[in-house]
Structures are given as C-alpha cells and as structure tokens.
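One structure is given below, encoded as structure tokens.
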Amino acid sequence: MRHRPRSLCKILPIGQPLRPPPATVNTLSLAFGEAWAMIARADPKLLEIVALSLRVSLSAVVVATLLALPFGAALAVARFRGRDALVVVLNALLGLPAVVVGLAVYLLLSRAGPLGALGILFTPAAMVIAQAVLIFPLIAALARQSVADAWREYAEQLHSLGAGPLASAFALLHDLRFSLVTIVLAAFGRAIAEVGAVMIVGGNIDGFTRVMTTAIALETSKGDLPLALGLGLVLLAIVLALNVGAHLMKERAQRHHG
Amino acid sequence: MADASAPLLPLVLENVGFAAGGRTILAGIDLRIEPGPRTVIIGPNGAGKSVLMRIMHGLLAPTSGTLRWANPERRGEPRRQAMVFQRPVLLRRSVLGNLLFALAVAGVRSHEREARARAALDRVGLGTFADRPARVLSGGEQQRLALARARMLRPQVLFLDEPTANLDPGATREIESVVQSIHDSGTKIVMITHNLGQARRLGDEILFVDRGRIAERSDVDRFFRHPATAEADAFLKGELPWH
Amino acid sequence: MALNRRAFAALAALALACAPALPLGAQDKSIVVASTTSTEQSGLFGHILPMFTRKTGIAVKVVALGTGQALDVGRRGDADVVFVHDRPAEEKFVAEGYGVDRRDVMYNDFVLVGPKSDPAKAAGKDITAGLKAIAAAKAPFVSRADKSGTHAAELRYFKQAGVDPVAEGKGTWYRETGSGMGPALNTASSMNAYILADRGTWLSFRNRGELRIVVEGDKRMFNPYGVILVNPAKHAHVKQAEARAFMDWLVSAEGQAAIASYKIGGEQLFFPEAKG
Ligand SMILES: Nc1ncnc2c1ncn2[C@@H]1O[C@H](COP(=O)(O)OP(=O)(O)OP(=O)(O)O)[C@@H](O)[C@H]1O
Ligand SMILES: [Mg+2]
C-alpha cells in the first residue's frame, strides 16, 4: 500500500502499487495521462485550485485594468512636464521580475510593514494585490501605445469637437476596445502563469492560497514531474480556452464594427 | 463671461505666419472673415490652404502674427464653430452613437440628444442608418454623416476641407446641397475645394492661396472671368506655376 | 451596440464572480504556522492537521519555507506559530524575545542517498565514514548550499569526517546547487550523485532514478523539531489562544500518537519526543 500524503496527490488513485520511477522518455506521456485523469475525474481538489487561480487572477486583472487603462490613455493624450520620463519608467517596469514585485508587496503587507495592520499577508487578497501590481505596467504601457497611435488619427477631430483630455481618453479607449481585450488577455496570462510573487505573498497554503502555479512548483520540488506537468497542461488548457473565447468574440465584434 | 451664443465673427488675422520644420508654410496673412458670404479657398497643392484653415479653426497655433475672433471661444465652453475634414474621422460605434458623443461633448443635455441626433440624420438621408456601425459606411455616406454631425452642433462658422474629394458626382451633389442648406440656416461657410465648378456653384467669394500667401481675393464671378494675378490666371488655365 | 452591451455584461458578471476572492483576511478560526519545506513536503501536515481541525475547529494554515525564512516570518509577526528544526537558531529566536514557550515535538533523521551501485563504497551506518569514502573517490555529491538546516547538518558531518568539501571538491565532485531539498534531489537524481536528505522528503520523493539510501541509522543524524509561539507581547495580533491550543495538542498524547502514526511505504517518518 502506497500512501500519497500530500493533499494534491489525493488526485491520484490511492492504493495503486508503487510504480517504477518514471524514465525521462515517458514523463511527457505520463503527464498527459495525469492531466486527463484529473480532468476526467473532475477532482474536487483540482477544481478548488483552478477556481482559486481563476478568481485571484481575474480579480487582479479587473483591478489592474480599471486603474491602468485610464492611466495609460491619459498618458497618451495629456501633455505635461515629465510625461516622456514617465513613459520611459513605465516601459522599464515591464521588465520587473515577479519575485521583486512579490518581495515588495510582502514587505508592504507584512505585520512589520506599513500596511501590516490590514493583516492580509498569506491570503488571496495579498495575491490579488501582487498580481495587480505585476500587470499594471503591462496594461498601462500597451494601452498607452495603442491610444497614442490612435490619437494621431483622432486628435484633430476630437479637438474640433471640443473634447477635453478626459473625454478624448475615454472615447479612444472605447474605440480601441477590441485591441484592449488582447492586452488585457496578455495581462491575465502573465498573472495566472506567475509563480514567484504569489508564492511569497500567498505562502502556498494548502486549501487557502494554493493556486495552479504554486502547486506545480510544489510537485516539481517533490519530484512528481508527471503530476506537475499534468497540472501545467490543465493550466495551459484553461488559458487557451479563455483566449480562444475572447478571440472569437473579438473577431465577431470587429467584423461588425469595421 | 461671454454668452455661449455671442457672435464669433468677424475673424481677423493680422500678419499671420506659420513655419514648421525650418520651412515657412504661411507668411504675412492679413484676412478678415465676415459673416454672410460663402468663402471658398482655392489654390495649388501644398499652397497652405489646409494649414490656414486649421489655424483659423484653432487646431494649429500660428507661429507669428495674431488671430482674433469678435467674441472668442473659451476653454470648457461648447464650440461655436465646426470643421469637416477631407477624410472624415468617425468613432468605432454606431452612426447614432457618433452623433450622441458629439452632442455630449458639446454639453447638450442627455434627454435632448437622441431627438436632435435623429433629426440630423434624417436631414442628410441617413435616418435608416442610425444603428449601423459608422466605420463600415461608404465614403460618401461617411462624409454626409460628418456633415450631419457638424450641422447638428449648430455652429456659427463651418469649415470644410475638400469635403467632396474622392466622391462620385452624385455624392458630390448631395454634399453640396447639404452645405447649401447649412448656409441657408445662417451658418458662415468657409470651404476649400479643388473642384472649380463647385467653387462657382457654392462660392460667393474666392480666396486664392499660392505659396503660403493670399494671392487674390474677389467675388466668384470676377475671379473666374478676370483673375487679377498672373498666378491665378495660370492656375485656372491648368498650368503649373510652381515649375 | 447590442454585442457591446453583452460583452460588458459578461465582464461585469466576471467581476462579480471575482468578488468572493477577497474575503479580506478575516477568517473565523485559523492560525498561520511558519514551517519548513521538509515537514510540509513529507506530507506530515496533511496527515495530522485534519485531526486537529476536526477536534478544535481551528484551521491551520501552513506556510512552508526554509528554517531561516520561517523564523524571519515569525520575527516580523506574520505567523502565530513557528515549527522548525534548527535548535541553536530556535534558542536564539526565543532569547531575542521573538518567541516564547518553545517545546520539543518530534525528531526525524537524515539519510545519505546515493547511486544503487555505490561507486564510492560509502554504504554503512557511519555518516563520517561514508562522506570520507565519497571524498576519497571524488564521487559526485550534491549540496543544497542554501543555509538550510539540512545544509548546516551536511557541513557539520563533513567537518567531523575531516573533509573540507568546498576546498577539495568545489567545481569538480562537490556540486553546490543553492536550492531546496526537492530540487536538489532532482539534481542528484539526474546526475546520479550522492546527497544528504531528510528522510521525510526522500520517502515522498518520486523522481528517484537510480538513487537509494546508502547511510542511515547513525545517531548523529537525528534531527529534532521544535514548536514556538510568536511572542504576543511583541505582536499583539498573534492568536494566542488558538496557537496554544495547537501547540498543546502537538505535545499531547493524542498529537504524539498522530505524529507516530504517519508512515510512507510502511515506514515511520517522525518520532515523538515531547516530554509530557
Ligand atoms: N504640421 C506640419 N509640419 C510641417 N509641414 C507641414 C505641416 N502641415 C503642413 N505642412 C506642409 O505645409 C505645406 C502646405 O500644406 P497644406 O496641407 O496646407 O497644403 P494644401 O494647400 O492644403 O494642399 P492640398 O491642396 O494638397 O491639400 C505642405 O508642403 C505641407 O507639407
Ligand atoms: Mg489640404
């Protein structure tokens, strides 16, 4: 009788004989098997982890989008001193390693840090914050770029109508909504695929802050490569499905609107 | 604070010049635009007509000289002048939505907007197009929509930069009749065109711009019968005076 | 336009669906325990915590880190309880006033893992003899080199064996990975190298390749675990009552029996050590 003590491993049938350590060649095929078995069984533990991943990353995307789109658009439309410097900084922030974001958010939210009183370190809320911080520059920088490109075409007409910077920015965002969907999806992809930051601020607590990526990291370090890869395939499938859905929606809407 | 309906005109340009990229594009423009007669601007490509119109409409600031309206517009107030561009810029929303946006920006109260927008569409024959996406309209339809948008705002002055370039004769005539009716409603028309027949049909006075200067200004009949300058004469005969 | 509205409605619905992801911190009855990766990955917590929660209704959230990091988390007040295995560091933690009420809970042991063929002839019951043989044969040895408890133990055994692995073998047979137990085991497995591991992680490790245990049972390889309450006088938000309930349960007869009952492949991993 073989015990699979870690909770995630309940995903696997308990009581099967210890199988020989997988040779590298068939690790991949085993991974597909694991992924398929988990999905076919609709394993509750797996569903819980997937649901938490989606909720954390979607929340982060919603928060970051609401802040970053107006910010990026304003940066494209308004003229003020230091704007170019701000754009350069924003673009540089795109290269920010997730672990650094995680550390910064950790230090902020830690009891010994400035926001310690909130007591939200090692909770999903902390993970939402870390992911939102991580993707804010991505959304803002890409939105600024596409709004700036469109601005060249629209600026005179909007000025002629008497639209101020705010009305102009929102009109442009609305006109660019289909390309912005792509940007937001890219941000979602970065958020849900990220492991370093959520590991640090979430703590990978079983049943509470364990998401797809931290579960994958855990299984990898336990040497259960097929299970880790299987989880990776499930993650890939989710992101792929979301992208396909958004793409189809975008295509339809774009054909309609020209 | 000036009344939002205070008369804009006359517009006075004194010694206006515009230079960009080390080139002088306009120089020494002295001009007075009065309410009433339809002003048509003609002249060869690159003469500076569009730049001049943009300066008058406030999209470009002159690099020298002064521009004065009788009662200038102020920031934050609805505009009392409008412009139709050679290539209309429409937002990626419905035909009606484009008009509603312009009305919202102009500070028209929300419950008035839809009726006003629909009336404007009906007047240019686009009533049945209200819910179509604006960007998929034909060139002529788009230009009519841009005109409807400008007229709906009830401007005192309407600038038009080659509104019928690229349009077929039928569409051109439709645009011309809309412009005529806008004029009839009391709006001052200032229009650029390369279509000399159109200039004759729609114009009361001609401003002939050549190489960054106003070479000649006279009423339509006299301009076409007896141009005062050699440049205008050559332009009308289809010669290429810049060679 | 209708399409837009539908897309917008979908987005709004999504946003609403996300809202429950933000139960801002406040859980009914739960504590945060900062512990080590080896304890977490061995599966011990998965075995004993449900028993505790069933009995008391207190959920235990385990954040698994290196011993040093776990103590840091306690120092900053981000956990209620610290559960680690580095006695000198634990005593320092208490002496500095960051923790109170340290208790011995259990011990497990380290094992020396190596290739089935044992090319260095290191097998036996004596860790220093084994390490000496490896150094003499210049057989590949993977070190975690991450300042963890296991790394500290490894260096201690090398010293007792009279070998300075860094001076003698760095860059040749002594490979410093700077990684956790699991990743280091993955590395050793792919290189077919020797490595010092804690028994729990080794037993739950799946990617063994050609590796097996070569040295075990040496008294010096025992590895004691202690549990410490983060000082409530320093961090007022520490959930003292729930945390003490957890610590009391760990050292109670019931908790100790739970620890002893955890087995992988029929092997017991942790041995009760609490006095009373
Ligand atoms: N913002 C600008 N910066 C630099 N040069 C400009 C700018 N705008 C226009 N020009 C130049 O000024 C000259 C006049 O341009 P303008 O668009 O006014 O010509 P136009 O008389 O309208 O010609 P067309 O009949 O071809 O429309 C052109 O040579 C053009 O390249
Ligand atoms: Mg022009």
Side-chain angles (χ1 to χ4, degrees), chain A residues 65 69-70 72-74 76-81 83 142-185 246-258, chain B residues 4 50-51 53-61 73-95 97-108 131-139 141-142 145-146 149-150 152-153 155 157-161:
Chain A
T65 301
L69 285 187
V77 169
R79 347 211 117 249
F80 54 90
R81 247 169 187 290
R83 184 181 75 150
L142 294 180
R144 189 208 68 81
Q145 188 59 53
S146 47
V147 170
D149 291 344
W151 183 233
R152 239 162 274 143
E153 184 192 345
Y154 288 61
E156 289 203 326
Q157 180 69 64
L158 288 169
H159 275 150
S160 172
L161 290 173
L166 200 68
S168 298
F170 278 103
L172 287 170
L173 286 178
H174 186 261
D175 259 46
L176 292 168
R177 58 199 177 277
F178 305 121
S179 27
L180 296 181
V181 166
T182 311
I183 293 173
V184 170
L185 269 182
H247 180 75
L248 291 180
M249 188 192 91
K250 180 181 155 178
E251 284 291 290
R252 248 180 75 183
Q254 213 157 27
R255 246 195 325 276
H256 182 244
H257 280 276
Chain B
S50 294
V51 169
M53 184 169 276
R54 283 178 162 80
I55 286 175
M56 292 195 282
H57 189 47
L59 299 177
L60 287 177
E73 298 170 301
R74 294 168 195 225
R75 231 172 217 292
E77 276 175 15
R79 298 208 70 173
R80 281 171 276 157
Q81 51 177 306
M83 178 160 168
V84 171
F85 296 84
Q86 180 176 333
R87 270 190 59 245
V89 180
L90 298 171
L91 298 176
R92 201 170 273 115
R93 33 182 116 190
S94 69
V95 167
N98 268 275
L99 299 191
L100 295 177
F101 173 80
L103 288 170
V105 164
V108 174
D131 293 324
R132 290 221 213 151
R135 292 264 184 146
V136 301
L137 297 183
S138 78
E141 290 160 351
Q142 290 198 17
L145 177 56
R149 175 169 63 187
M152 172 190 71
L153 298 171
V157 183
L158 175 60
F159 295 101
L160 302 116
D161 190 350

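Numbers restart at 1 for each chain; the letters A, B, ... are given by sequence-line order, proteins then strands. Being a predicted model, the structure only gives us computed values, none of them experimental.
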Fill in: Atom group of B/Leu91 that falls short of 4.5 Å from chain A, counting heavy atoms
both
Discussion item. Just to verify, what does B/Glu73 make a side-chain hydrogen bond (donor to acceptor under 3.5 Å, both in side chains) with, not counting sequence neighbours?
Written reply: B/Arg79, B/Gln81
Item to complete: Measure the spacing between CG of A/Asp175 and CZ of B/Arg93 and express it to the nearest 0.5 Å.
Response: 6.0 Å
Fill in: Among the listed options B/Arg75, B/Met83, B/Arg149, the residue most often paired with chain A at heavy-atom distances under 4.5 Å
B/Arg149
Worksheet item: Out of curiosity, B/Leu90 CG to B/Glu141 CD, how far, rounded to the nearest 0.5 Å?
Response: 11.0 Å
Discussion item. Between A/Arg144 (side chain only) and A/Gly72 (backbone N and O only), is there a donor and an acceptor less than 3.5 Å apart?
Written reply: no
Practice prompt. Report the distance from atom CZ of A/Phe178 to atom CZ of B/Arg92, rounding to the nearest 0.5 Å.
Written response: 7.5 Å
Practice prompt. Any chance you could measure A/Leu180, atom CG, to A/Lys250, atom NZ, to the nearest 0.5 Å?
Written response: 9.5 Å
Practice prompt. Applying ring pair (Phe, Tyr, Trp, His ring centres under 6.0 Å), name anything that partners B/Phe159, two or more places apart in sequence or on another chain.
Written response: B/His57
Practice prompt. With sequence neighbours left out, write down each residue that passes salt bridge (Lys or Arg N to Asp or Glu O under 4.0 Å) with A/Glu156, or none if nothing qualifies.
Written response: B/Arg54
Discussion item. I need the contact set between residues 145-153 of chain A and chain B: heavy-atom distance under 4.5 Å, sorted by residue number.
Written reply: A/Glu153
Worksheet item: Quick one: what part of A/Leu172 sits under 4.5 Å from any heavy atom of chain B, side chain, backbone, both or neither?
Response: neither
Worksheet item: Under a 4.5 Å heavy-atom cutoff, which of A/Ala167, A/Ser160, A/Ala163, A/Gly162 has the most pairs with chain B?
Response: A/Ser160
